[in-house]
Amino acid sequence: MKRRTLALPIAALGALALLISGCSGGSGSESGDPNAEFEFWSFTGIGQKDSVDRYLEKNPDAKVKLSEVGSTTETATALTAALAGGRVPDLVMIQNDDLPKFVENPGNFVDLRTLGGDDIGDGYLDWAIDGATAEDGSLIGIPTDVGGLAFAYRADLFEKAGLPTDPAEVAQMWSTWDDFIAMGQQYTEATGEPFIDNVETSVFFSTVNQVSQKYYTPEGELIYDTNPEVEEAFDVAVRAYEAGISADIPAWSSGWAPGKANGAFAVTTAPSWILSGLKNDAPDTEGKWRIASIPGVGGNWGGSVIAIPARAENKEAAWQYIETMLSPEGQTEHFATTGTFPAAEDALESDEVKSYTDPFYGDSPIGQIMSESVLNFQSFYNGPDTSAIGAALLNALVDMQAGNIAPEDAWQQGLDSAKAAIGG
């Protein structure tokens with residue numbers, strides 16, 4: 001089986017000293033006790049406490065010590081340090097962008113087939129389970145979620161610009177990326193305002209995750225600098241910038257949340273995990289947003305797995321959590337309460353997911369759109385330097401929007417930065 005992973009956002013680096021301070025291990029109970037207290041390392045800001053609370057409701061005798069270590073990258077950094085000789089947690093969440101480096105050393109983790117059987121991965125999206133599968137067949141993690149990709153847009157601002165507002169009509173009007181850029185120009189000409197927040201995440205991250213091969217071949221050979229699909233994805237972002245439709249407001253910058261609230265742009269990227277954040281950033285815009293499919297063939301941005309380190313003290317307790325919460329039923333329930341999009345195929349096909357709507361988004365068919373997005377997603381092989389390469393290319397687009405480099409020079413700068421980052 002070829003290992004494949006999917007691309008995710010670039011997470012900020014954190015202070016290692018703070019992370020290591022949280023690197024305590026389990027309670028020292030017998031590993032065979034399913035109700036022993038186990039330590040669970042998770043990311044911040046994803047509502048994992050809700051999942052733990054629901055688990056404890058289902059298993060009143062269980063005990064969980066949840067440690068929200070930090071960002072996805074901070075959590076991976078802390079785990080790397082722990083695996084090198086520190087006390088490991090019993091259960092740990094790893095985002096898929098960080099996963100390749102851990103999958104290269106499967107001996108650091110429990111092969112979950114030994115706990116759940118050889119067919120344990122059959123119930124999940126193939127490309128999601130492949131990303132956690134080592135070359136020797138070991139399965140080091142079970143997918144917690146994926147990141148169905150869509151766009152969020154302001155229907156009230158579209159209406160003022162004379163554009164359609166129904167999600168199906170919008171998706172049809174921007175069915176290709178050329179159509180999307182043309183639609184943005186129409187909006188900007190009608191309103192004098194930017195159409196989209198930025199081109200590096202809302203355009204490039206979407207287009208580059210619609211390729212058949214990305215930065216590596218299926219055999220693991222680096223091709224980021226020669227792959228025409230990657231260059232074309234980058235070029236779409238450059239053309240969107242040159243069309244004058246971008247507000248040039250980077251995601252997670254100080255202007256991004258206010259921009260959602262004050263109409264500084266009409267469209268922003270909307271992977272499933274970001275929808276709750278948009279609601280928190282712009283609560284007074286309830287009912288004005290809609291969700292529509294992105295141009296092209298669907299996509300994915302996000303996702304993670306949960307793994308059990310080989311030196312975990314309470315493996316059975318950690319496994320009981322996985323069995324309970326990552327089943328199709330558990331993932332469906334978690335989606336309903338947090339919006340975390342399931343990786344289990346039965347959950348994706350469930351009425352609860354497919355019929356999901358949200359009045360904040362004008363009751364757009366969010367579940368249907370997101371399900372189709374991940375089911376149509378073309379998987380590709382991601383290697384250990386995928387994150388660094390993606391960051392370099394993204395940052396070149398950020399520099400372009402800041403006026404630091406000319407559009408015609410952005411691609412080469414991105415390649416040069418990527419080569420330097422990976423020591424190639």
Side-chain angles (χ1 to χ4, degrees), residues 8 11 22 26-27 34-72 74-76 78-79 89-96 98-99 112 115-116 120 123-125 128-129 132 140-148 271-277 279-280 302-309 312 314-348 350 352-353 356 358 366-367 370 374:
L8 293 124
S27 63
N35 290 320
E37 182 179 49
F38 69 92
E39 183 163 10
F40 179 12
W41 286 5
S42 177
F43 318 140
T44 56
I46 62 169
Q48 195 60 42
K49 185 178 184 300
D50 170 80
S51 180
V52 169
D53 288 344
R54 286 188 293 107
Y55 173 69
L56 294 175
E57 289 175 3
K58 297 173 186 293
N59 296 278
D61 293 332
K63 296 174 284 292
V64 183
K65 180 181 179 182
L66 177 65
S67 298
E68 295 189 342
V69 178
S71 71
T72 55
E74 289 169 343
T75 306
L79 177 59
D90 300 299
L91 195 64
V92 62
M93 186 173 288
I94 306 170
Q95 75 147 351
N96 286 349
D98 296 310
L99 192 55
L112 297 179
L115 300 176
I120 182 177
Y124 301 88
L125 289 165
I129 208 72
I140 75 160
I142 297 296
T144 63
D145 65 300
V146 290
S272 52
W273 49 269
I274 221 167
L275 297 182
S276 60
K279 293 165 68 172
N280 292 334
S304 59
V305 305
I306 290 182
I308 302 174
N314 299 294
K315 298 181 179 67
E316 290 297 329
W319 174 246
Q320 181 173 264
Y321 182 92
I322 291 176
E323 279 193 304
T324 304
M325 302 309 295
L326 299 190
S327 67
E329 296 78 15
Q331 292 199 0
T332 300
E333 183 179 342
H334 194 47
F335 168 75
T337 56
T338 69
T340 303
F341 209 69
E345 290 180 327
D346 285 352
L348 290 170
S350 68
E352 292 91 335
V353 172
Y356 177 79
D358 187 332
I366 295 173
M370 297 292 184
V374 296

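Only this structure's heavy atoms are used, side chains among them; waters, hydrogens and symmetry mates stay out. Along the sequence shown, the residues carry numbers beginning at 1.
At least one side-chain heavy atom of Asp358 sits less than 4.5 Å from a side-chain heavy atom of Lys279. By the 4.5 Å heavy-atom criterion applied to side chains, Leu99 and Ile140 are counted as neighbours. When side chains are defined from C-beta on, Trp273 does not count as touching Phe341, because their heavy atoms never get closer than 4.5 Å. When side chains are defined from C-beta on, Phe335 does not count as touching Asp145, because their heavy atoms never get closer than 4.5 Å. Taking the side chain as every heavy atom from C-beta outward, Ile308 and Leu115 approach each other to under 4.5 Å. Contact check for Leu326 versus Tyr124: side-chain heavy atoms found under the 4.5 Å cut-off.
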Practice task
Show the numbers, then the answer: is there a side chain to side chain contact (heavy atoms under 4.5 Å, CB included) between Phe43 and Val69?
Solution key: CA-CA 6 Å; Phe43 318 140; Val69 178; over 6 Å; no
Practice task
Dump the intermediate steps for side chain to side chain contact (heavy atoms under 4.5 Å, CB included) on Thr144 and Thr340, then the final yes or no.
Solution key: CA-CA 9 Å; Thr144 63; Thr340 303; 5.6 Å; no
Exercise for the section: In sequence, state the C-alpha distance, the side-chain angles, and the governing distance for Leu348 and Gln331, and then conclude on side chain to side chain contact (heavy atoms under 4.5 Å, CB included). Expected result: CA-CA 9 Å; Leu348 290 170; Gln331 292 199 0; over 6 Å; no
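A donor-acceptor contact under 3.5 angstrom links the side chains of Gln320 and Asn35, judged on distance only.
Residues Gly147 and Ser272 approach most closely at CA-OG, 3.7 Å, considering heavy atoms. Of all heavy-atom pairs between Pro143 and Ile129, the closest is CD-CD1, 3.5 Å. Scanning all heavy atoms of the two residues, the minimum distance from Pro89 to Ala312 falls at O-CB, 3.7 Å. Listed here is the closest heavy atom pair of Val146 and Ala343: CG1-CB, 3.9 Å. Between Tyr55 and Ala62, the shortest heavy-atom contact is CE2-CB, 3.6 Å. Across Leu91 and Pro309, no two heavy atoms sit closer than the pair N-CD, 4.3 Å.
Annotation: Lys63, atom NZ; neighbour count of heavy atoms from other residues, nucleotides and ligands within 6.0 Å is above 12.
Distance CE/Met325 to CD1/Ile306: 9.0 Å, rounded to 0.5 Å. Interatomic distance, OG of Ser304 versus CD1 of Ile94, reported as 9.0 Å (0.5 Å rounding). Between the OH atom of Tyr356 and the OG1 atom of Thr332 there is a distance of 13.5 Å, given to the nearest 0.5 Å. In this structure, CG in Asp90 is found 10.5 Å from CH2 in Trp41, a value given to the nearest 0.5 Å. Going from atom OG1 of Thr324 over to atom CD of Glu329 covers 11.0 Å, rounded to the nearest 0.5 Å. For the atom pair CG (Leu275) and CG (Asn280), the distance works out to 11.0 Å, reported to the nearest 0.5 Å.
In summary, of the residues considered (Glu68, Met93, Lys65), a side chain to side chain contact (heavy atoms under 4.5 Å, CB included) with Phe40 occurs for Met93 alone.
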